[in-house]
There are 2 protein chains.
Amino acid sequence: MVDFFKEDLELRDTKNKIIAVAIEQFSDQGYDNTSIRKIADIVGIKGSSIYNHFNSKEEILEEIFKYYRNLFYQMGDVFEIKELHHSDLKEDKILYVLKCGFDSVINILKRPEMINILKIIIKEQFKNQKIRNFFLEEFIDKPRKVMEKFMKELMEKGIIRNGNPYLYSQEFQAFAIYKMYEEFMLKDVEYIDIDDIEVQINHHIEFFWNSIRK
Amino acid sequence: MVDFFKEDLELRDTKNKIIAVAIEQFSDQGYDNTSIRKIADIVGIKGSSIYNHFNSKEEILEEIFKYYRNLFYQMGDVFEIKELHHSDLKEDKILYVLKCGFDSVINILKRPEMINILKIIIKEQFKNQKIRNFFLEEFIDKPRKVMEKFMKELMEKGIIRNGNPYLYSQEFQAFAIYKMYEEFMLKDVEYIDIDDIEVQINHHIEFFWNSIRK
DNA sequence: GTCTATAAACTGATAGAC
DNA sequence: GTCTATCAGTTTATAGAC
């Protein structure tokens, strides 16, 4: 695993420097609008020298995603909710479970380089079907299915209002996706305030809970 | 106003044909990945001939947005909610008002060429700040402000639960933005089922109303 | 209004000297 | 592992014949 963000001193390592610069440029300018020469310029070498470290431009992108993917899965089965016990059905425990799924994503995003990688993913998803599918699966479908199951169980146990579990899980999830979309894609800010997003997500969880509780 | 979608017969007009082809290609392949030559090929002329109708590639894009913008504003102040009267405070009237904002967008999208133009907007918003701001203002900020005001009024009149009107308006809006994002950006489908989106939006409105009503 | 020909700039990638 | 030089391809856009 490449660790290209430890300290400036270690950034001397050219390969890691290339990746660090590539993350910065890809996330800001987009993959297509970043040339090998531009990356090399910033690193302080010539374009041809890049090919001593990577076989192609795409290989740089792949290495970036590999780094992200590893860290993503390292956080564990983030959306897995275990079998419900009796003690899980108390209000504070339910709110805790609702919070869990978002927390893991927020924790990933608290690593500053991760925000930039997520920006790349979001920007390149149209051109690259693999990226799109990764995003769709990991950020949309998987968490939704887990939440749908959870809602169904709570419904059967008579804890929340009857309704469509699929709709409930979408209502729960939509706000977070929307926030991510707004913060990462629409806004032109240099610095994304993850803590503020966390506060808003918590308000949403409260709102949602009050909507479905009996 | 250019009308490049009336009938095949009228598509003979080269300039309109160029725009129609550009919409198709830009929405599918993206602006950067569509070359002047490719557009010319499909139209049936040579690349250089495009410049008899447009001064630059960007001018084609601008003309497309002009068309969209005009139609968008033609639909009227879609998100304007007038002063509330006594009769507006009945449940069915409130639900009607909630439905209104979305309806206008859905009606725009029922024109098939509009879906493709919206796809272009969504795909190019990262590269083009003007597009990003247009989207942010017209689809996010304006409707949110109108809804916030509406929520505040309903709150003051004791019709809905007390809470943060800003949060309420976001909760209302997030689902629709999320749906748009999912349908237009993430999914790989040829044909977008607007009617199905409409059904889902209606379910959301119901869910939202049940969440805030007293 | 279309064509051919071409300019000028850029791209990713390679060969081979040092 | 970096450099220079260069290939081969692409792009937008222009000039000028018809």
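Chain letters run A, B, ... following the sequence lines, proteins first and then strands; every chain starts at 1. These figures come from a predicted structure and were not determined experimentally.
- Summarising the geometry, the separation between CG on A:Asn55 and P on C:dA15 is reported as 12 Å, rounded to the nearest angstrom.
- Between the side chains of A:Gln25 and A:Lys38, not a single donor N or O lies within less than 3.5 Å of an accepting N or O.
- Using cut-offs of 30° and 60° on the angle between ring planes, the pair A:Phe208 and A:His204 is tilted.
- Going from atom CZ of B:Phe54 over to atom P of D:dT12 covers 14 Å, rounded to whole Å.
- Distance CG (A:Asp32) to C1' (D:dG9): 16 Å, rounded to an integer number of Å.
- For B:Tyr31 and D:dT12, the OH to P distance is 8 Å, given to the nearest whole Å.
- Applying the salt bridge (charged side-chain N to carboxylate O under 4.0 Å, His left out) test to A:Lys99 and every residue at least two apart in sequence or in another chain returns A:Asp103.
- Using a cutoff of 4.0 Å between basic side-chain nitrogens and carboxylate oxygens, A:Glu198 and A:Lys110 are scored as salt-bridged.
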Protein-nucleotides 4-6 of chain D N/O pairs under 3.5 Å:
unit_1: D:dT4; atom_1: O4; unit_2: A:Ser48; atom_2: OG; d: 2.7

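- For A:Asn33 and C:dA9, the CG to P distance is 19 Å, given to the nearest whole Å.
- Side-chain atoms of A:Gln200 and B:Tyr166 include no donor-acceptor pair closer than 3.5 Å.
- A straight line from CD1 of B:Ile39 to C1' of D:dA13 spans 14 Å, rounded to a whole angstrom.
- Atom NZ in B:Lys57 sits roughly 12 Å away from atom C1' in D:dT10 (whole-Å rounding).
- Partners of B:Gln125 according to the side chain to side chain donor-acceptor pair (under 3.5 Å) rule, which considers only residues two or more places apart in sequence or in another chain, are A:Tyr181.
- A straight line from OH of B:Tyr51 to C1' of C:dT4 spans 16 Å, rounded to a whole angstrom.
- You'll find that the side chain of A:Ser56 is closest to C:dA13, out of C:dG12, C:dA13, D:dT12.
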